[in-house]
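Have a look at the structure below before the remarks.
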Amino acid sequence: MNSQTAIKQFNEINKLKGNMRLAAEKWPIRFQTLIATILSARSLDETTIKTCKILFSKYPDAKYLVKANISEVEKIIRPINFYKNKTKSIINCSKELIERYDGKVPLVYEKLIGLSGIGAKTANVFLSEQGKKTLAVDTHVYNISRYLEWSNSKKPEKVGEDLKKLFPKNYWKKINPTLVKFGKKYTSRKEKNSILDNIKNKK
């Protein structure tokens with residue numbers, strides 16, 4: 001696979017992707033983007049957005065959430081998968097942000113993954129939403145990248161490395177949201193693969 005072909009294929013996917021809002025998008029402050037991204041893991045974006053609107057109306061930033069009663073937060077985010085563990089994570093994350101960074105969310109990968117509830121994917125999704133040239137690999141990115149032979153690796157972190165070699169830096173932050181929206185729009189595997197086959201075979 002050469003870079004020119006991969007870019008052409010990506011641009012075709014970009015034309016076909018849905019316009020739905022993802023959980024990490026369109027929040028007014030970094031803290032809310034970060035918390036929404038944490039809560040979105042293995043949960044529907046639609047559910048996460050709706051739940052976060054309620055959560056942030058009561059706890060808009062770290063200094064409010066750190067003082068929250070655990071049972072009250074659990075009640076609010078109950079519609080989200082693993083809400084009990086995520087409640088602990090977002091409250092602990094708020095505490096760490098206040099103690100280490102005066103309540104401000106750092107824009108450094110190594111600092112982010114040192115916070116509660118934040119792994120590589122969450123950190124990279126957050127950073128890309130902040131305009132940083134980074135690339136998050138989730139299930140959609142992993143599957144589509146392998147299907148189109150952008151990467152043949154079975155390890156998500158290696159898929160990410162392959163994509164960074166294949167695509168120019170100005171594409172990195174676009175890859176995750178574009179492929180996720182495409183994957184969410186075409187939920188039928190048969191339909192999705194048919195479209196990807198057409199893209200793959202297009203000259």
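Positions are given from 1, in the same order as the sequence printed here.
Shortest non-hydrogen contact noted between Val73 and Ile91 is CG2-CD1, 4.2 Å. Contact between Ala136 and Val141 at its shortest, heavy atoms only, is O-CG2, 3.7 Å. The two residues Asn193 and Tyr147 come nearest to each other via the heavy atoms CB-OH, 3.4 Å. Here the shortest heavy-atom pairing between Ile49 and Ala23 reads CG1-CA, 3.8 Å. Residue Pro106 comes nearest to Phe126 through the heavy atom pair O-CE2, 3.9 Å, listed as atom of the first residue, atom of the second, then distance.
A cation-pi contact, defined as under 6.0 Å to the ring centre and within 45° of the axis, is absent between Lys174 and Phe10.
Side-chain atoms of Ser145 never come within 3.5 Å of backbone atoms of Tyr142 as a donor-acceptor pair (strictly under, hydrogens ignored). Counting only distance, with no hydrogens or angles, the side chain of Lys200 and the backbone of Glu149 share no donor-acceptor pair below 3.5 Å.
Using a 4.5 Å heavy-atom cutoff, the side chains of Asn176 and Leu135 are not in contact. Side-chain contact between Lys185 and Glu191 is absent, with no heavy-atom pair separated by less than 4.5 Å.
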Can you list the steps and then say if Lys132 with Leu107 is a side-chain contact (heavy atoms from CB on, under 4.5 Å)? CA-CA 8 Å; Lys132 301 298 181 181; Leu107 295 178; 4.0 Å; yes
Report the C-alpha separation of Lys8 and Lys202 in whole Å, then their side-chain angles, then the decisive distance to 0.1 Å, and conclude whether the side-chain contact (heavy atoms from CB on, under 4.5 Å) test is met. CA-CA 9 Å; Lys8 284 176 68 175; Lys202 196 171 183 178; over 6 Å; no
Would Thr139 and Val180 count as a side-chain contact (heavy atoms from CB on, under 4.5 Å) if you check the C-alpha gap in whole Å, the side-chain angles of each, and the deciding distance to 0.1 Å? CA-CA 8 Å; Thr139 302; Val180 170; over 6 Å; no
Could you check Tyr64 against Lys58 for side-chain contact (heavy atoms from CB on, under 4.5 Å), going step by step and ending with a plain yes or no? CA-CA 8 Å; Tyr64 286 95; Lys58 191 167 186 178; over 6 Å; no
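Applying the side chain to side chain donor-acceptor pair (under 3.5 Å) rule to pairs touching residues 151-161 yields Ser151-Asp162, Lys158-Asp162, sequence neighbours excluded. A side chain to side chain donor-acceptor pair (under 3.5 Å) check over residues 89-115, counting only residues at least two apart or in different chains, returns the pairs Glu96-Ser116. Residue pairs meeting the side chain to side chain donor-acceptor pair (under 3.5 Å) criterion with at least one member in residues 74-84, sequence neighbours excluded: Arg78-Tyr83.
Put simply, Leu196 and Met1 are part of the same group of oily side chains (I, L, V, M, F, W, Y) that touch within less than 4.5 Å, one to the next. Put simply, Val105 and Val125 are part of two different groups of oily side chains (I, L, V, M, F, W, Y) that touch within less than 4.5 Å, one to the next. Under the 4.5 Å side-chain contact rule for hydrophobic residues, Leu127 and Leu163 do not share a cluster.
In this structure, the ring pair (Phe, Tyr, Trp, His ring centres under 6.0 Å) partners of Phe56, at least two apart in sequence or on a different chain, are Trp27. Take Asn124 and apply the side chain to side chain donor-acceptor pair (under 3.5 Å) test, not counting sequence neighbours, and it matches Thr134. With sequence neighbours excluded, no residue satisfies side chain to side chain donor-acceptor pair (under 3.5 Å) with Lys165. Partners of Ile7 under the side chain to side chain contact (heavy atoms under 4.5 Å, CB included) rule, at least two apart in sequence or in another chain, are Ser3, Asn11, Phe167, Pro168, Tyr171. With sequence neighbours excluded, the residues satisfying ring pair (Phe, Tyr, Trp, His ring centres under 6.0 Å) with Phe182 are Tyr186. Every residue two or more places apart in sequence or in another chain that forms a side chain to side chain contact (heavy atoms under 4.5 Å, CB included) with Glu25 is listed here: Arg21, Leu22, Glu129, Pro177, Lys181. For Lys169, the side chain to side chain contact (heavy atoms under 4.5 Å, CB included) test picks out Lys133, Trp172, with sequence neighbours left out.
For the atom pair SG (Cys52) and CD1 (Ile80), the distance works out to 5.5 Å, reported to the nearest 0.5 Å. Residue Leu16 holds its CG atom at 5.5 Å from CD1 of Ile199, rounded to the nearest 0.5 Å. The CD1 atom of Ile13 sits 5.5 Å away from the CD1 atom of Ile144 when rounded to the nearest 0.5 Å. Going from atom NZ of Lys190 over to atom CD1 of Ile195 covers 13.0 Å, rounded to the nearest 0.5 Å. Rounding to the nearest 0.5 angstrom, the gap separating the NZ atom in Lys15 from the OG1 atom in Thr178 is 13.0 Å. Rounding to the nearest 0.5 angstrom, the gap separating the CG atom in Leu97 from the CG atom in Leu65 is 10.0 Å.
Applying the 6.0 Å contact sphere to CD1 of Ile54 captures more than 12 heavy atoms from other residues, nucleotides or ligands. Few gaps surround NZ on Lys17; more than 12 heavy atoms of other groups in view lie less than 6.0 Å from it. Around atom NZ of Lys192, more than 12 heavy atoms belonging to other residues, nucleotides or ligands sit under 6.0 Å away.
The hydrophobic cluster around Ile98 extends to Val66, counting ILVMFWY residues whose side-chain heavy atoms fall within less than 4.5 Å of a member.
Of the candidates Thr48, Ile77, Thr51, Thr48 is the only one forming a side chain to side chain contact (heavy atoms under 4.5 Å, CB included) with Ser43.
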Expected list for residues 32-40: side-chain donor-acceptor pairs under 3.5 angstrom, two or more places apart:
unit_1: Gln32; atom_1: NE2; unit_2: Pro60; atom_2: O; d: 3.1
unit_1: Thr33; atom_1: OG1; unit_2: Ile29; atom_2: O; d: 3.3
unit_1: Thr37; atom_1: OG1; unit_2: Thr33; atom_2: O; d: 2.6
unit_1: Ser40; atom_1: OG; unit_2: Thr37; atom_2: O; d: 2.8

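A donor and an acceptor atom, one from each side chain of Asn2 and Thr5, are located under 3.5 Å apart.
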